[in-house]
K.L.:
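Have a look at the structure that comes next, please.
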Amino acid sequence: MEEKVGLAWHRLVTHWANNRFPDAAVNLSQLSRATAILFRALGGNHALMVQAGSATLHQARRNWLQILAGSDRKEDLAWVDHEALRLPPIIDYYSDAALNRKLYFWLAALCAVDNRTHLPWLQHNQQATQWLIENYPGLAADYTQLVQAEIRRRPSIEKLPEDAARLEHAIRQALLVPGSIKQLPSARWSHAPVLLWLRPASSSNEVFLAENEQDSTHTDHNAQQKDEIRRTSRRVELPKRKGGLLLFHPESIFSWGEYARVEHETSENDDDNLVQAADDLDEISIATDSQRTAKSLRMTLELPTRHIDTSALGSDEMLLPEWDYRTRERRINQCCVKLQPMANNAPCALPEHLLTLQRRLRRQFAALLPVRQRLKAQRDGLEIDIDPFIRHLSHRTDSDNRFYLDQRKHERDLSCLLLADLSLSTEAWAGENYRIIDAIRDSLFLFAETLSDIHDRFALYGFNSKLRTNIHLYPLKSFEEVYDAGIRGRINQIASAHYTRMGAAIRYATTILSRQKTRERLLLLLSDGKPNDSDHYEGRYGIEDTRDAILSAKKMGIRPFCITIDQDAHDYLPHIFGKENFTVIRKPSQLPRNLSFLYAQLTR
Amino acid sequence: MNNASNNILKSIPPTTDTHIAPPPYFSNENEISLFEQAYHNRLPVLIKGPTGCGKTRFVEHMAARLGLTIHTVSCHDDLSAADLIGRHLINHSGTYWVDGPLTQAVRYGGICYLDEIVEARKDTTVILHALSDNRRILPIDRTGEILSAHPQFMLVISYNPGYQHLLKGLKPSTRQRFVALTFDFPNAAREAEIVQTESGISAAIAKQLVTLAQALRNTANHDLEEIPGTRLLVNAARLIQSGCEPRRACQAAITECLSDEPEIVNALANIVSAVFAG
């Protein structure tokens, strides 16, 4: 009963204190692509994606109702970092949905303005606003509306104490006439957050921690990240002490806003409310622990950059470089690629469930590919060739009587290497009794069947990685081998494991392709997500390295193309491959059928 | 009838009217003098550049400037050598030969401009080889004629390097016979000037249109396959000049022409709204 009354009271007070407009709410998910395009159009970096950012804690004065309700301690502000453009997950500040929408576009535009000039927060926001207003009259009109709405939303000057009123007045002046305020007057409280400006830079003193590159097999696919929100966090070191002080229950995260350097024993907890708890924390501290729990919470954390081990590898295996976008250098001998021939592969026939599709593809391919070429001036043929006939009439030469058109098979001078991602993520279910890896296996089967039918030169490789020292390449079929039951046996054996260090695999495939003597060389990449590994190889680092590998391949005259089933691929693949060099398959189950058709389209 | 078979008619030489004023062209760098030098040295010219950056206008301008006729052929994937060289046709008295645009230019002088040459079939480019080196000859195997190029003949080809099929490109052996000029979009001030001259629009709107174009070009390769050329801006400016509301004009003449994906078109409309106040 007490609990119920408490809950009702909380709801009521929160409702009173609430100054939001849920009816006019606009979600980032509806606008993420449109804001991303505006961001890029106004000069934003192409490698950055749009993501939801976490709310920012502020020290502004709250009214008694907000204090009572315990609300409004945080505000959703936008910012841009080296990985992404972070926008509020939802905007419902204004009563007009159109205005909330305009705020999204305004923030995306503000993020796009060059922020390499390290001006203080106040100056930067004013200057960026000024620049946008001068150059984009449409945005300027929106800005005027937004400023009016923002000023109505802000605490009224009359009700504020004197110093806070002065501060608020200055903020309003800076909003109305950008560039007019050089410095804010000091006040006891911080001003209310300015929604039209970007977040002030974080000042947390960050702890950098070098971590051993250990065999981290800890990939918990049960752990679901329910949102895409980026959480402010830092790395800390766990004290090396035996014996814990307390039993740590994850729900106590409610009360642990600041990290105390005390080791807790970890225990199982079946509370589903962990996401809420994480949201309530201002900053999340992360430490490495040897123990594992069955339940885990996956979230995207905004961590300071880890120290990266960049020592060159020295071994006699195939060593490849890796690109570091931060230093803009291609470090040599960073990755070690190991060829892993498939062992114990019993020869096998084409799986029965593919037979019908294979027959249909074979029929359709005969029509799709221009494997036939029209030959003019033949002695015999299907149609009359009018040109030599007229020539014959005009010259009256009896010797030349080749008046027919014929058709003949056309030699296709190309080699194609298909590189399939065999990382653990392909273990995910794509439908009932059908995993992504099954879709990839079926695709490989049908692709090989089709290409051997039309006599194109092709090779099949699979890859996955376990850190930069163990990049496995599985040769399923080399260019020299003939596709037969033995090769089918190898395809049948493919299994998923580990991660996706895409750059190194592409560089290796490039070296194989560059040895091919054909006029055209195609590199098809079959992927299910972003490049990643269990070390620093993730996010922008992985994307930029893969991009570098693709650019090198293009320089060597190889034509790369990516086929992915990742529905979010539009965020990063254009940067890696270019707009026209990739395609997204909506359903993994469509992959086996579509792969061969795509190949036909690409090479017809 | 017997005579008719030997009666190889040559088409009438085109009349060269050197008094046409050259269509306006705003030079970017030194391409006008380079083109003139190539013409005087009888070198063929290759022009590379994105769609709508002024390649065709430049060639027309140069033709008028040098007082040459221009034979423009827009290449397509079914364009055969016969379409360029010429063919026999039949009339009531038998057959007769008709020069193609290339042969005409070779025979009587003038510029033969092959637009988007990579689109043409591979055998088409081979016939250009003997014409584009120091031999300057065009063998016409159907009539047995070996035609030496007129002193005023000039070969100009163009293509758009950004727009390529996976398996189409210009062969190095072809490419290396030409003097190459790379075209890009003019800088903002000059582009605004071009839009203004071509459409008669006010300087302020011309500037806004160029701002829009530059924003759209920033998204190239990521969201758009093709970036908007100056031509699209001129089209939009003409619509605005004749009374169309600017946002509507940009939508019709620019954004809808750049993509067919509704999501992208909507996103581009936001960029238009950022530039033009409603």
Side-chain angles (χ1 to χ4, degrees), chain A residues 31 33-44 46-47 101-102 104-106 108-109 112 132 135-142 144 376 386-396 412-414 519-520 522 557 559-561 570-575 577-581 601-604, chain B residues 1-2 4-8 80 82 87-90 94-97 123 141-144 162-169 171 204-205 207-208 211-226 246-247 259 261 263-264 266-278:
Chain A
L31 291 179
R33 194 155 179 210
T35 46
I37 291 177
L38 184 75
F39 174 70
R40 287 191 284 270
L42 267 56
H46 281 215
R101 224 177 110 85
K102 281 176 184 170
Y104 264 125
F105 289 114
W106 171 257
L132 284 174
N135 289 283
Y136 295 91
L139 278 179
D142 291 351
T144 316
K376 288 181 170 182
I386 197 77
D387 273 359
F389 183 63
I390 293 174
R391 192 162 51 196
H392 171 75
L393 284 181
S394 63
H395 285 246
R396 289 281 162 187
R412 286 160 59 88
D413 193 15
L414 60 87
R519 219 187 115 175
E520 299 295 346
L522 258 72
R559 294 171 194 277
F561 194 90
H570 284 288
D571 294 340
Y572 59 94
L573 278 187
H575 184 61
F577 286 88
K579 159 88 180 166
E580 63 272 30
N581 287 336
Q601 258 173 33
L602 289 174
T603 59
R604 65 192 301 180
Chain B
M1 192 62 188
N2 282 342
S5 60
N6 293 323
N7 183 17
I8 300 171
S80 66
R87 50 167 47 92
H88 282 103
L89 293 179
I90 310 172
T95 61
Y96 65 102
W97 173 259
D123 60 319
D141 58 346
R142 294 178 181 206
T143 60
Y163 170 67
Q164 280 185 348
H165 297 272
L166 219 43
L167 300 182
K168 274 189 185 168
K171 280 191 346 199
I205 293 187
K207 186 169 170 278
Q208 272 173 287
T211 308
L212 172 67
Q214 287 183 328
L216 293 172
R217 283 169 200 161
N218 280 338
T219 68
N221 279 329
H222 203 120
D223 309 297
L224 292 177
E225 280 168 44
E226 275 286 306
R247 285 188 181 189
S259 178
E261 285 177 62
E263 201 184 354
I264 297 266
N266 285 337
L268 297 185
N270 288 321
I271 302 174
V272 173
S273 309
V275 176
F276 288 97

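First the proteins, then the strands, lettered A, B, ... as listed; each starts at 1.
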K.L.:
Would you name the heavy atoms of B:Ala215 and A:Tyr136 that are closest together and state the gap between them?
P.N.:
CB-OH, 4.3 Å

K.L.:
Relative to chain A, which of B:Asn270, B:Ile264, B:Val272, B:Thr211 shows the most heavy atom pairs under 4.5 Å?
P.N.:
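The option with the most such pairs is B:Asn270.
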
K.L.:
Identify the residue among B:Asn266, B:Thr219, B:Asn218 that makes a side chain to side chain contact (heavy atoms under 4.5 Å, CB included) with A:Ile37.
P.N.:
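Among the candidates, only B:Thr219 passes.
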
K.L.:
Taking only residues two or more places apart in sequence, or in another chain, which ones meet A:Arg101 in a salt bridge (Lys or Arg N to Asp or Glu O under 4.0 Å)?
P.N.:
none

K.L.:
In Å, rounded to the nearest 0.5 Å, how long is the span from CD of B:Gln208 to CG of A:Asn135?
P.N.:
10.5 Å

K.L.:
Please identify, among B:Ala269, B:Gly144, B:Ala274, the residue contributing the most non-hydrogen atom pairs under 4.5 Å to chain A.
P.N.:
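Among B:Ala269, B:Gly144, B:Ala274, the one with the most close pairs to chain A is B:Ala274.
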
K.L.:
Mind listing the closest non-hydrogen atom pair of B:Ile271 and A:Leu38 along with its distance?
P.N.:
CG1-CD1, 3.6 Å

K.L.:
So for A:Ala41, is it side chain, backbone, both, or neither that comes closer than 4.5 Å to the heavy atoms of chain B?
P.N.:
both

K.L.:
What pair of heavy atoms forms the shortest contact from B:Ala277 to A:Pro137, and how long is it?
P.N.:
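Scanning both residues, the minimum pair turns out to be CB-O, 3.9 Å.
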
K.L.:
For atom CZ of A:Phe105, decide whether the heavy atoms of other residues, nucleotides or ligands shown that lie under 6.0 angstrom number more than 12.
P.N.:
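Yes - once you tally the heavy atoms of other residues, nucleotides and ligands closer than 6.0 Å, there are more than 12.
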
K.L.:
Which pairs with one or both residues in residues 35-44 of chain A pass salt bridge (Lys or Arg N to Asp or Glu O under 4.0 Å), sequence neighbours excluded?
P.N.:
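Only A:Arg40-B:Asp223 qualify under salt bridge (Lys or Arg N to Asp or Glu O under 4.0 Å).
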
